[in-house]
Amino acid sequence: MTAERWQSVVREIIHRGDDFGRPEIGKGEKLNVEFVSANPTGPMHVGHTRGAVYGDALAALMAFAGFDVTREYYVNDAGGQIDVLARSAYLRYRESLGHEIGPIPEGLYPGEYLVPVGAKLKELFGDQLGTKSEKEWLELVRPVVLEAMMALIRADLARLGIRHDVFFSEKSLHGPEGDIAQTLDWLRTKGLVYQGRLAPPKGGAPRDHEDREQTLFKASEFGDDTDRALVKSDGSYTYFAADIAYHRNKYLRGFLHQAIVLGADHGGYVKRLQAALKAVSGGAAEIDVKICQIVTLLRDGSPVKMSKRSGNIVTVADVVDEVGSDAVRFMLLYRRNDAPLEFDFAKVVAQTRDNPVFYVQYAHARCCSIFRTAGVEIPQLDLSNEALENADLGMLSSDADHELMRVLGTFPRVVDGAARYREPHRVAFYLYELAGALHSMWAKGNQDPGLRFINPGDVKLSTARLALVRGVRQVLVNGLAILGVFAPEELS
RNA sequence: GGCCCCGUAGCUCAGCUGGAUAGAGCAAUUGACUUCUAAUCAAUAGGUCGCAGGUUCGAAUCCUGCCGGGGUCGCCA
């Protein structure tokens, strides 16, 4: 009885192909997944990698589950750090004009990646910037260096196979008629903004607490721990004010479902974000804030020391160049997002069972190899989907057959759970299990020829077994697609 | 001090959305290559699920307290 169910699973896989296992939970509703959103002040470093990969896989998973997904990157191009960046680039500009700049002053970005930006500024402006006031040249330098940094970041994301649909500028929210102003007006009409004082935080050491009257948002009415400041003492908006406007903007664009991927250091930001969206959407929109815990890089068993001051940072590019995008992605996804993770270069490069990436990819390659061999050993075999769907699957009666079919049959449930709880790692673990079941049956075929996938003396059995292998391959393809990991036809 | 995350085999981690004897890989020991690619497989061994209570027919899982590790507590971004 269960055997019949399993057989129907194999048939269903072949029939539905890339759609097999698709959970029907999104119903075409719009979902915005915001991830990475690294500050555009330099290339991406490893710290960003986990959130980038997790966010991308989450987006793919939710798309597979039927959501209309938008991948979004919030560009923090409005803060004081952009001026610091522009000054740093200006220094490189002077350097490219032949001025002696000496060591990069404390507080500016020392990275070599700004050298080409200096040259670009020279190309664009000649020696004219030196004749202008700082206010003037900042205006000219900012957009140039910003674009250059975003180009670096896009290139880093591309290395990981990540592509965002929308790059949303924080700066575009500012201005007298901008979203922030409009949002604050709207909040005022709802009585959610007031002038008041905040009690100093208990314990700890508040660095900058000023007991003064200020413009506050009633975040505590929506579940936050305290009310939050909206305007700085110089009259400009706080980062949070912009963020409220940004999430309202997403809501007004029709995103009733939102997800955002943040690093562990932003854990304290969760409540206020949820409060903000609750307030601006009147409770109509929900945001799922996913926190990625830190990654410890290990080389030869000991942590890789990084120091920003000495410029000794490991970048995304470094890691991808060393181990490859597939290995990086799979290893980072082979762990719950909210658990800390050790990333050991030696293990990630190893092509053994120690490394689940190659184990799973090898399973896919093995499926392909079986089909190549089958075409040679039994030329009269019909390997079309139609023929395999109509194979006599009752021939698949060994324990190994049953185990493999059983694992195949659990794929839809695994994906459904992964999508519901936004946990792509479940798919990664599942693929590992499926790969194991295939490798195991393969090895049994070495002992017992009756368990081989290809039996030249028995076309009927071979057809059934190949239908099974086609099913395994299809599920590996569907799962790897969610993770964004390549499914190779052979390993070289 | 408040809030958040973590504590499961020597190591790295699943299981946490209550169900049956708690799982996998690595490391250790032992076997399988004239193969449908052994980049693989099979077997042995290894655990008071941080501690103590509570809820329940039943707890690694839910609740409370404590211990240990990490993060965070700005008008920064």
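Letters A, B, ... are given to chains in the order of the sequence lines, protein chains preceding strands, and every chain is numbered from 1.
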What nucleic acid atoms does A:Glu433 come within less than 4.0 Å of, heavy atoms only: base, sugar-phosphate, or nothing? nothing
In whole Å, what is the span from the NE2 atom of A:His266 to the P atom of B:C73? 9 Å
Roughly how many Å is it from CD1 in A:Ile378 to C1' in B:C36, rounded to a whole number? 10 Å
In whole angstrom, give me the gap between the P atoms of B:G47 and B:A22. 13 Å
Mind checking if A:Ala365 touches a base, just sugar-phosphate, or nothing, with heavy atoms under 4.0 Å? base
Counting only side-chain heavy atoms from C-beta out, which of B:U37, B:C36, B:A77 sits nearest to A:Glu490? B:U37
Go nucleotide by nucleotide along RNA chain B from the 5' end; which of A:Tyr362 and A:Val231 gets its closest nucleotide reached first? A:Tyr362
With 3.5 Å as the limit, what N/O pairs link the protein to nucleotides 28-31 of chain B?
none

Nearest whole angstrom, please: distance from the C1' of B:G15 to the OH of A:Tyr334. 13 Å
Aromatic ring proximity A:His439/A:Tyr362, centre distance under 6.0 Å: yes
What interatomic distance, in whole Å, is found between P of B:U64 and the corresponding atom of B:U55? 15 Å
Restricting to non-hydrogen atoms, name the atom on A:Ile291 and the atom on A:Val270 that form the minimum distance, rounded to 0.1 Å. CD1-CG2, 3.9 Å
At under 4.0 Å between heavy atoms, what does A:Ser369 touch on the DNA or RNA strands: base, sugar-phosphate, or nothing? base
What N/O pairs connect the protein and nucleotides 4-11 of chain B at under 3.5 Å? Give each pair on its own line.
{"from": "B:C5", "atom 1": "O2'", "to": "A:Asp338", "atom 2": "O", "distance (Å)": "2.9"}

Nucleotide of B:A39, B:A24, B:C76 approaching A:Thr238 most closely (side-chain heavy atoms): B:C76
Which atoms form the tightest heavy-atom contact between A:Leu85 and A:Thr41, and what is the distance? CD1-O, 3.8 Å
Rounding to the closest angstrom, what is the interatomic distance between B:A24 and B:A43 at atom C1'? 16 Å
Between B:C41, B:A77, B:C75, which nucleotide has the shortest distance from any of its atoms to the side chain of A:Leu198? B:C75
Are the aromatic ring centres of A:Tyr359 and A:Tyr432 under 6.0 angstrom apart? yes
So that I know where these two stand, are A:Tyr73 and A:Phe168 an aromatic pair - ring centroids less than 6.0 Å apart? no
Centres of the A:Phe330 and A:Tyr334 rings: under 6.0 Å? yes
Ranges pairing with ranges for RNA chain B, where each run has three or more Watson-Crick or G-U pairs under 3.5 Å: B:1-7 with B:67-73, B:10-13 with B:23-26, B:28-32 with B:40-44, B:50-54 with B:62-66
Heavy atoms only, 4.0 Å cut-off, all strands: where does A:Gly80 land among base, sugar-phosphate and nothing? sugar-phosphate
Between A:Arg426 (CZ) and B:A24 (P), how many Å, whole number? 20 Å
Whole-Å distance between B:C36 C1' and A:Asp401 CG? 15 Å
Can you measure A:Gln447 atom CD to B:A43 atom P for me and round it to whole angstrom units? 12 Å
Say you pick atom P in B:A59 and the same atom in B:A20; how far apart are they, in whole Å? 11 Å
What's the gap between B:A52 and B:A14 when it is taken at their P atoms, as a whole Å value? 24 Å
Whole Å only: how far is the CZ atom of A:Arg272 from the C1' atom of B:C75? 12 Å
Using a heavy-atom cut-off of 4.0 Å across all strands, would you classify A:Tyr269 as base, sugar-phosphate, or nothing? base
Stepwise ring-ring contact (aromatic ring centres under 6.0 Å, His included) test for A:His425 and A:Tyr54: CA-CA 9 Å; A:His425 78 276; A:Tyr54 171 78; 9.0 Å; no
Base, sugar-phosphate, or nothing for A:Phe429, non-hydrogen atoms under 4.0 angstrom? sugar-phosphate
Taking for A:Thr373 and for A:Asp225 the nucleotide of RNA chain B with the nearest heavy atom, the one nearer the 5' end belongs to A:Asp225
Residue-phosphate contact under 4.0 Å: A:Ser440 side-chain N/O, B:A42 OP1/OP2: yes
Pairwise P distance for B:A9 and B:G2, with rounding to whole Å: 29 Å
Charged N to carboxylate O under 4.0 angstrom, A:Arg71 versus A:Glu34? no
B:G25 versus B:A45 - spacing of their C1' atoms, nearest Å: 16 Å
Scan A:Arg452 against the nucleic acid and name what it touches under 4.0 Å (heavy atoms): base, sugar-phosphate only, or nothing. base
In whole Å, I'd like the distance from the OH atom of A:Tyr237 to the C1' atom of B:C76. 19 Å
Is there a salt bridge (charged side-chain N to carboxylate O under 4.0 Å, His left out) between A:Arg188 and A:Asp185 once you walk through the steps? CA-CA 5 Å; A:Arg188 281 192 185 93; A:Asp185 284 347; 3.4 Å; yes
I need the minimum non-hydrogen distance between A:Leu388 and A:Ala467, along with the two atoms involved. O-CB, 3.6 Å
Rounded to the nearest 0.5 Å, what's the gap from CD on A:Glu342 to CZ on A:Arg335? Could you check? 8.5 Å
Do the charged groups of A:Asp224 and A:Lys271 touch, with an N to O distance under 4.0 Å? no
What's the gap between B:C62 and B:G19 when it is taken at their C1' atoms, as a whole Å value? 14 Å
Under a 4.0 Å N-O cut-off, is there an ion pair linking A:Asp83 with A:Arg87? no
Electrostatic pair A:Glu139:A:Arg142 at N-O distance under 4.0 angstrom: yes
